Amino acid sequence: TCQQSCPSLPHLTARSARTTLSPAMRARGASEDGQLSVHAIAGSNVVILGFNISPRESGGPVTGIEGLLGFVIHRMCLSPGGGHPLWLHGFKRFEAATACSSDSPKAKPPLPRHPVPIQAFRWSDYTAQPGQTYRYTVVPLYGVPEELVERRNAACDAGRAGRAVVCVSTEPQSFEARSDHQHDVFFNRGVAASQAYARKFDNKPPAEVPHGAAFRWLSRGLEEALLGFIGQAADSDWQIHAAFYEFTHLPVLQALVAASERGARVQVIYDAKKSGPVADTRESIALVPGLEPLLIPRTSCPGIAHNKFVVLSHRDEHLATWTGSVNITESGIFGQSNVGHIVRGRDVAERYLSFWHQLAANPAAGTLRRWTREHSVPPASVADLAAGSVLPLFSPRPSESLLLWYAAQLKASCHGSFLTAAFGVNKLLAEVLSGKTHKSPGPLAHVLLEKPGATFKMFRDNPHVLVSLGSVLDEDALESDRRFVKYLLTTSPQEARDGAATAAAGSDNQAGEGYALSSSQPEPSASSVNVAAGEGSPTVAASKGGTAAVATAIASAATSQSTSPASAATLSEALASPASATSVVKSTAVVPAGSPGDSSDGTRSPLDALWKQEQLTGLNEHVQFVHTKYMVLDAFGDKPTVITGSANFSKASTTNNDENMLVCVEGRESTRVTDLYLTEFVRLFDHFRFRQRVQKQKYTKWVDRKARVESEATPHLALDDSWAASYFVPNSARALGREMFA
């Protein structure tokens with residue numbers, strides 16, 4: 001995003017703020033005239049902003065968008081040492097401001113008098129830092145490109161009645177043994193191939209990067225949290241009961257032995273079937289003296305012993321449970337996307353421990369299925385669970401009844417559904433996503449996939465299902481600058497938006513580790529307009545000596561809806577808004593005239609400097625991108641619900657495998673778990689969505705079909721309010737997304 005002073009929009013200092021600081025992760029703000037509303041949702045590293053414009057008169061046209069040319073966003077960190085206030089906005093310009101004839105390459109486009117507006121109703125800040133309080137001021141701009149004003153009615157300007165202010169706090173990310181929270185959630189970075197990794201570590205395998213820097217960056221606190229959880233077992237008053245599938249990451253194995261040597265009782269069940277990962281597991285076990293006596297092999301499972309949980313007890317009081325999708329491997333912790341979820345409380349821990357004791361007896365399939373049927377029973381509906389409930393569900397089971405239950409909960413979710421799947425979507429869930437069970441396209445749903453899978457065709461054409469597939473910017477995608485630029489400039493608005501959208505999600509949200517060319521970049525000069533995107537988008541600047549490579553600056557976390565025909569904004573944030581959300585990065589990079597990335601000499605493409613070929617780290621052999629298994633249901637409803645754990649929402653994971661899942665139900669006043677999952681989902685969805693679009697040859701038929709109904713592409717911001725009108729088409733994906741996030 002651009003960082004620039006704004007003399008035409010004053011009075012945005014802390015002293016003039018009319019808002020009360022709140023530690024809430026969700027917050028709402030509204031303009032004094034009541035027409036603009038902003039909904040902010042914070043996680044640990046992401047803040048999502050949803051906007052809405054209310055009509056001035058009921059039953060009539062949406063007059064609030066007449067003449068609306070977009071929004072500008074100002075961010076101020078209110079925590080000590082939080083950095084300078086910044087304007088967050090995209091790269092795309094109005095045509096008159098970006099015109100630069102190819103036959104006069106040294107012509108400089110005029111700089112805008114104010115931040116360039118965002119023409120979208122959802123924006124995400126992927127450069128927020130954990131444990132900080134931020135104030136966002138959203139300003140709607142009206143008029144014409146040459147003279148943008150805050151309000152169409154000059155009488156309102158003095159009071160700035162059209163601005164909306166909202167404050168939110170991001171969640172601290174470090175593990176705390178004495179946390180007051182019932183839940184703590186830790187996501188790894190989950191983007192083993194990214195622009196940030198390519199620039200920061202030159203695509204070297206993590207093991208070749210000195211001092212473990214790449215591993216720490218990829219872990220983003222996940223490994224540290226798991227080791228910290230195990231490390232609480234300080235002496236003989238403690239017990240650890242664990243069950244793991246893949247079990248090879250030496251630091252975790254060593255931590256378990258260290259706990260035992262401190263006197264703690266440690267017992268670990270592991271998958272020991274000949275057809276499983278047992279060979280690798282035993283190689284690792286042999287490297288850790290003292291581990292073998294702590295282990296219990298699991299050999300009678302009809303499928304795989306797929307659990308990844310730890311129960312921590314103190315003096316026979318069962319304190320906490322670690323669960324989630326993380327295998328105890330380098331690939332699980334540092335590679336593919338994964339989550340570790342801690343639940344504190346005796347009830348949940350006792351249920352897990354009861355399941356653990358069943359597994360420790362190495363029962364046959366029939367015995368364990370009967371036990372789960374009797375002791376792990378879901379209610380008829382999530383609606384029957386009280387807000388604050390945490391319900392463990394275990395497998396294997398005698399039938400697919402649990403899968404049918406998951407499908408029923410997905411069908412009942414009418415206020416935001418978000419699903420991840422590593423191996424495709426089960427047919428029962430795909431039927432819900434197809435829209436046929438609703439006799440219409442159904443509510444808006446987002447699906448994040450490792451790969452399409454066998455059922456993809458069942459829901460791929462539903463305009464209300466937005467899909468993101470794991471992808472990288474490899475050599476094929478970047479082999480031709482000309483082809484790549486042509487893609488950016490000729491793709492339909494939604495395609496470009498989606499593409500640009502995902503470029504940066506996964507951005508490194510720590511100071512100095514953004515998309516910038518290096519963490520030691522000098523401060524940009526005041527004479528430049530600096531643009532920095534998150535992990536997946538390029539950085540560009542218009543400086544005194546050269547022209548802005550605006551056309552190649554595409555963004556990363558597009559606005560709301562990324563896939564359907566009615567979704568997301570135009571190329572507006574594509575060639576323009578780094579990370580439709582990747583709004584502000586503390587470490588920025590400038591491309592001066594005459595540099596290798598400057599195109600003003602007519603011989604070099606900016607892509608040479610702005611885009612790096614991405615390579616997977618080599619940690620992941622089978623699942624490269626998405627390994628999480630969770631649903632966020634009714635994220636904006638009365639009972640937001642997260643279903644998360646080890647099971648892949650598949651028949652095998654329900655009827656054959658040893659598995660565990662958590663159903664976490666919240667209320668409107670307490671959405672912490674929902675928001676931690678939701679913000680990370682959006683980050684990865686946007687990150688991969690861009691790469692999926694660039695790699696569109698893999699999914700040509702689907703992409704082309706989706707694109708047919710979209711309007712003609714443009715490399716510039718719209719000159720009128722037509723971009724906004726499309727967000728108010730009843731029952732369109734854009735309209736549903738606007739209403740949902742706002």
Side-chain angles (χ1 to χ4, degrees), residues 175 177 179 181-186 225-226 228-233 238-247 252 255-256 259 264-271 294-296 298 301 304-328 338-363 367-379 385 388-397 402 629-630 642-647 653-654 657-665 673:
F175 172 77
S179 172
H181 294 297
Q182 181 184 15
H183 299 268
D184 276 325
V185 180
F186 300 90
L226 177 54
F229 186 82
I230 294 170
Q232 294 175 91
W238 295 81
Q239 303 93 45
I240 290 175
H241 297 86
F244 296 125
Y245 175 51
E246 294 181 282
F247 186 55
V252 176
L256 292 166
R265 184 184 181 190
V266 178
Q267 293 180 286
V268 180
I269 298 169
Y270 71 98
D271 188 310
L294 312 180
L295 303 180
I296 301 172
R298 174 81 167 109
C301 178
I304 57 178
H306 200 233
N307 287 301
K308 310 106 171 33
F309 72 81
V310 183
V311 179
L312 184 67
S313 307
H314 181 254
R315 294 179 179 173
D316 295 325
E317 181 179 356
H318 312 308
L319 299 179
T321 306
W322 169 286
T323 185
S325 63
V326 189
N327 283 313
I328 309 305
N338 273 306
V339 59
H341 189 131
I342 296 173
V343 184
R344 295 178 178 85
R346 185 181 185 93
D347 181 63
V348 171
E350 283 184 344
R351 294 190 185 206
Y352 268 87
L353 190 57
S354 180
F355 181 48
W356 185 93
H357 282 298
Q358 294 298 314
L359 298 174
N362 200 25
T367 301
L368 191 56
R369 286 175 180 141
R370 286 191 293 273
W371 185 90
T372 58
R373 180 180 60 193
E374 296 172 6
H375 295 87
S376 179
V377 183
L385 295 172
S389 297
V390 183
L391 175 67
L393 295 172
F394 304 116
S395 297
R397 309 179 80 86
L402 191 56
K629 309 97 170 37
Y630 66 84
V642 174
I643 302 175
T644 183
S646 68
S653 68
T654 304
N657 297 351
D658 294 352
E659 305 275 11
N660 72 94
M661 298 293 279
L662 282 175
V663 181
C664 307
V665 183
V673 175

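Fair warning: this is a prediction, and the values are worked out from it, not measured in the lab.
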Go through the structure and list residues passing side-chain hydrogen bond (donor to acceptor under 3.5 Å, both in side chains) with [X], not counting sequence neighbours.
| X | result |
| --- | --- |
| T321 | none |
| Q239 | none |
| Y352 | N660 |
| S313 | H318 |

Got a second to check how far [X]'s [atom1] is from [Y]'s [atom2], nearest 0.5 Å?
| X | Y | atom1 | atom2 | answer |
| --- | --- | --- | --- | --- |
| S389 | L662 | OG | CG | 12.5 Å |
| I328 | L226 | CD1 | CG | 5.0 Å |
| I643 | L393 | CD1 | CG | 8.0 Å |
| M661 | T644 | CE | OG1 | 6.0 Å |
| L359 | R298 | CG | CZ | 5.5 Å |
| N307 | F244 | CG | CZ | 10.0 Å |

How about S646 and T323: do any of their side-chain heavy atoms sit closer than 4.5 Å? no
Tell me, do Y245 and N657 make a side-chain contact under 4.5 Å, heavy atoms counted? no
Partners passing ring pair (Phe, Tyr, Trp, His ring centres under 6.0 Å) against [X] (at least two apart in sequence or in another chain):
| X | answer |
| --- | --- |
| F186 | none |
| Y270 | none |
| H241 | W356, H357 |
| H183 | H341 |

For D658, the option from I269, L368, D271 that meets side-chain contact (heavy atoms from CB on, under 4.5 Å): L368
Which pair of non-hydrogen atoms, one from [X] and one from [Y], has the smallest distance, and what is that distance?
| X | Y | value |
| --- | --- | --- |
| V266 | L256 | CG2-O, 3.8 Å |
| S325 | K308 | O-CE, 3.7 Å |
| Q182 | G388 | OE1-O, 4.2 Å |
| P379 | L391 | CD-CD2, 3.6 Å |
| T372 | P396 | OG1-O, 2.6 Å |
| S376 | P378 | O-CD, 3.7 Å |

With salt bridge (Lys or Arg N to Asp or Glu O under 4.0 Å) as the rule and sequence neighbours excluded, what pairs involving residues 344-357 come up?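 Qualifying pairs: D184-R344, R346-E350, D347-R351.
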Passes side chain to side chain contact (heavy atoms under 4.5 Å, CB included), S354 versus W371? Steps please. CA-CA 10 Å; S354 180; W371 185 90; 3.3 Å; yes
Working note: V185 + V642, criterion side chain to side chain contact (heavy atoms under 4.5 Å, CB included); need CA distance, chi angles, decisive distance, verdict. CA-CA 12 Å; V185 180; V642 174; over 6 Å; no
Residues in side chain to side chain contact (heavy atoms under 4.5 Å, CB included) with Q232, at least two apart?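 Partners of Q232 under the side chain to side chain contact (heavy atoms under 4.5 Å, CB included) test: F175, A177, F229, W238, L312.
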With sequence neighbours left out, the residues meeting side chain to side chain contact (heavy atoms under 4.5 Å, CB included) with S395 are R397, L402, E659
